[in-house]
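Comments concern the structure below.
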Amino acid sequence: MFYITVDSKSLSISPRLKISNNLTAHSISLAVYELESYLEENMNAGGGFIIREFLKHAKGKYSKLLCADDIPTEDCIEKLVNYLEYNNDKDFVFGDAEYINTQGKPLHSTVFKSRNGFNINYSENDLLARFFKGISMLPYPCVLVKTEDLKSININNTLIPIFDMTMWVELMLSGRKIGFTEDVVIRYRIHDGQLSGKNNEKIINQYSMYEREVLNKLFLKITNYEQLKAVCKYSPYIDKISQDDVKYFPFVIAHYALLKYGQKWAYIYLNEMLDDDMKLKELKEKFNFGIKEFRKLYSTPLGSANPLNKEAKLINKILLFIRYPKYVLRYYVLRTKMRNKYSL
């Protein structure tokens, strides 16, 4: 068994995993660390940096990544390894995590249950679409991944809260398959001092505002039309191209990111494309999109004025009415009464 711990000068002691004797046939590499660990005095290395260092030494078939706040169950490794061994079509797997307090008492909730909209049957394309929206549903400490796959992708060295999201996106974009087990494999401690705590909500939002730009630029790597359709579902150009039009995929992604979410990287990317006379001509011929249309695009306000948001909101209202007709009708009746009462 090959065992590695990367947890230099951690502020708290990371738990060590118990590995069952019946797993001795498998070689497991372990990276145990916390995001705020220090490889050098007064230096916040961050998760991506530590994983890079870990992968220089990892020789196991699988890699298990952890944080200092994570307490693995005794059969954590066994359950995750057995899942991948019996599901040869999967390349990485997530188990569930149970929330506990600082005293170790259960909070009677798990990650899968608490994350609204999560579905254990999500496909890679379902998850990619949510990542493009900035929604993360995957519990980082619950993952087991093939080491060779982890080494094949870029591990971002600078990101803080979103660095793990870039790994899952990179893996799925490269064709790796994800699996889920409902087994609880981690007990996750909740306390005020952790980076993801409520006390740090403002700084996390600021981090995410910048880091999401990096995450979404990864989608420019898409070369699979089914992935493109999932990510850019409401794009006005999605039905005008096919798998044979891979060279136009980056344009469709950037256009959608600017139109739907107003992302700055997309503006810069489209600006550079249209500044190239040859690309400008191609886009004009293929999509009737040129400088005039580009200026109109980034002059359109985000929110209700955005045609894509209008369509999405209408769909959401219809779905809401189907699920809760009485409550929706009651809401609109009350709103109409209030408007009539206070309108001039």
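Only heavy atoms go into these numbers, but all of them, side chains included; no hydrogens, no water, no symmetry mates.
- Taking the charged nitrogens against the carboxylate oxygens, Glu293 and Lys296 have no contact shorter than 4.0 Å, which rules out a salt bridge.
- Glu282 has no carboxylate O lying under 4.0 Å from a charged side-chain N of Lys279, or vice versa, which leaves the two without a salt bridge.
- Proximity of a side-chain donor or acceptor of Asp75 to a complementary backbone N or O of Lys79 within less than 3.5 Å is not detected.
- Just one residue in the list Leu150, Asp164, Leu144 forms a side chain to side chain contact (heavy atoms under 4.5 Å, CB included) with Leu65, and that residue is Leu150.
- Remark: the backbone N or O of Trp265 is paired with a side-chain donor or acceptor of Glu213 at under 3.5 angstrom.
- Tested against His255, the residues Phe287, Phe289, Phe294, Tyr267 include a single ring-ring contact (aromatic ring centres under 6.0 Å, His included) partner, Phe289.
- Residue Asn154 holds its CG atom at 12.0 Å from OG of Ser174, rounded to the nearest 0.5 Å.
- Closest approach of Ala97 and Cys142 over heavy atoms only: CB-SG, 3.4 Å.
- With rounding to the nearest 0.5 Å, the separation of CG in Leu127 from CE in Met165 is 10.5 Å.
- In this structure, the side chain of Arg130 does not engage the main chain of Met137 through any donor-acceptor pair within 3.5 Å.
- Looking at Leu171 and Ile153, their side chains come closer than 4.5 Å, going by heavy atoms from C-beta outward.
- Side-chain atoms of Asp183 do not come within 3.5 Å of backbone N or O of Val185 as any donor-acceptor pair.
- Considering only heavy atoms from C-beta on, Ile162 stays 4.5 Å or farther from Val214 through its side chain.
- Checking Glu85 against Tyr62 by side-chain atom types alone, a donor-acceptor pair falls below 3.5 Å.
- A salt bridge is defined here as a Lys NZ or Arg NE, NH1 or NH2 lying under 4.0 Å from an Asp or Glu carboxylate O, and Arg176 with Asp149 meets this definition.
- More than 12 heavy atoms of other shown residues, nucleotides or ligands fall within 6.0 angstrom of atom NZ in Lys151.
- Enclosure of atom NZ in Lys217 is not indicated, since only 12 or fewer non-hydrogen atoms of other residues, nucleotides or ligands lie within 6.0 angstrom.
- Salt bridge absent: Asp89 and Lys177 never bring a charged side-chain N and a carboxylate O closer than 4.0 Å.
- Between the side chain of Glu98 and the backbone N or O of Val184, no donor-acceptor pair lies under 3.5 Å.
- In this structure a side-chain-to-backbone donor-acceptor pair under 3.5 Å is present from Ser114 to Val111.
- A perpendicular orientation is assigned to the rings of Phe132 and Tyr261, their planes being inclined by more than 60° (bins at 30° and 60°).
- Panel note: side chain Glu124, backbone Ile178; a donor-acceptor pair is recorded below 3.5 Å.
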I'd like to know whether Tyr256 forms a ring pair (Phe, Tyr, Trp, His ring centres under 6.0 Å) with Tyr237, so could you lay out the CA-CA distance, the side-chain angles of the two residues, the decisive distance to 0.1 Å, and finally the verdict.
CA-CA 9 Å; Tyr256 191 69; Tyr237 303 122; over 10 Å; no

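- Within 6.0 Å of OH on Tyr210 lie no more than 12 heavy atoms contributed by other residues, nucleotides or ligands.
- Among all heavy-atom pairs drawn from Pro250 and Tyr269, the shortest one is CB-OH, 3.2 Å.
- Looking only at distances, a side-chain donor or acceptor of Lys64 sits under 3.5 Å from a matching main-chain atom of Val143.
- Counting heavy atoms from C-beta on, the side chains of Ile241 and Leu228 come closer than 4.5 Å.
- Side-chain contact check for Thr73 versus Ile186: every heavy-atom pair is 4.5 Å or farther apart.
- Minimum heavy-atom separation, Thr147 to Ala58: CG2-CB, 4.1 Å.
- Of the inter-residue distances, the one linking Ile253 atom CD1 with Leu220 atom CG reads 5.5 Å to the nearest 0.5 angstrom.
- Between Ser235 and Val252 the shortest heavy-atom distance is OG-CG1, 3.6 Å.
- With values rounded to the nearest 0.5 angstrom, Ser152 atom OG is found 10.0 Å from Leu55 atom CG.
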Could you go step by step and tell me if Ile238 and Tyr225 meet the side chain to side chain contact (heavy atoms under 4.5 Å, CB included) rule?
CA-CA 9 Å; Ile238 199 67; Tyr225 181 63; 4.2 Å; yes

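- Between the side chains of Ser123 and Asp126, at least one donor N or O lies within less than 3.5 Å of an accepting N or O.
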Tell me, with the steps shown, if Phe94 and Trp168 meet ring pair (Phe, Tyr, Trp, His ring centres under 6.0 Å).
CA-CA 11 Å; Phe94 284 87; Trp168 318 142; 5.1 Å; yes

Show your reasoning for whether salt bridge (Lys or Arg N to Asp or Glu O under 4.0 Å) applies to Glu226 and Lys229.
CA-CA 5 Å; Glu226 294 304 315; Lys229 283 202 301 182; 3.7 Å; yes

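- A cation-pi arrangement is not found for Arg189 relative to Tyr99, the charged atom failing to lie both closer than 6.0 Å to the ring centre and inside a 45° cone about the ring normal.
- No side-chain N or O of Asn156 forms a donor-acceptor pair with one of Thr166 less than 3.5 Å apart.
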Would Val145 and Val93 satisfy side chain to side chain contact (heavy atoms under 4.5 Å, CB included), going step by step from the backbone distance to the final call?
CA-CA 7 Å; Val145 58; Val93 58; over 6 Å; no

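- One finds the CZ atom of Phe249 at 10.0 Å from the SG atom of Cys232 (value rounded to the nearest 0.5 Å).
- A salt bridge links Asp245 with Lys286: the distance from a Lys NZ or Arg NE/NH1/NH2 to an Asp or Glu carboxylate oxygen falls below 4.0 Å.
- A donor-acceptor pair under 3.5 Å links the side-chain atoms of Arg212 to the main chain of Lys133, judged by distance alone.
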Kindly determine whether Ile51 and Phe163 satisfy side chain to side chain contact (heavy atoms under 4.5 Å, CB included), including the steps that lead there.
CA-CA 11 Å; Ile51 292 177; Phe163 89 93; 3.6 Å; yes

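- Rounding to the nearest 0.5 angstrom, the gap separating the CD1 atom in Ile291 from the CG atom in Leu283 is 11.0 Å.
- Contact between Leu173 and Leu218 at its shortest, heavy atoms only, is CD1-O, 3.4 Å.
- None of Phe92, Tyr122, Tyr83, Phe118 except one satisfies the ring-ring contact (aromatic ring centres under 6.0 Å, His included) rule with Phe180; the exception is Phe118.
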Please evaluate residues Arg187 and Ile100 with respect to the criterion side chain to side chain contact (heavy atoms under 4.5 Å, CB included), reporting the C-alpha separation (whole Å), side-chain torsions for both, the decisive distance (0.1 Å), and the verdict.
CA-CA 6 Å; Arg187 292 188 171 85; Ile100 60 175; 4.0 Å; yes

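- Proximity of a side-chain donor or acceptor of Gln227 to a complementary backbone N or O of Met172 within less than 3.5 Å is detected.
- Across all non-hydrogen atoms, the minimal contact from Arg295 to Ser299 is O-OG, 2.6 Å.
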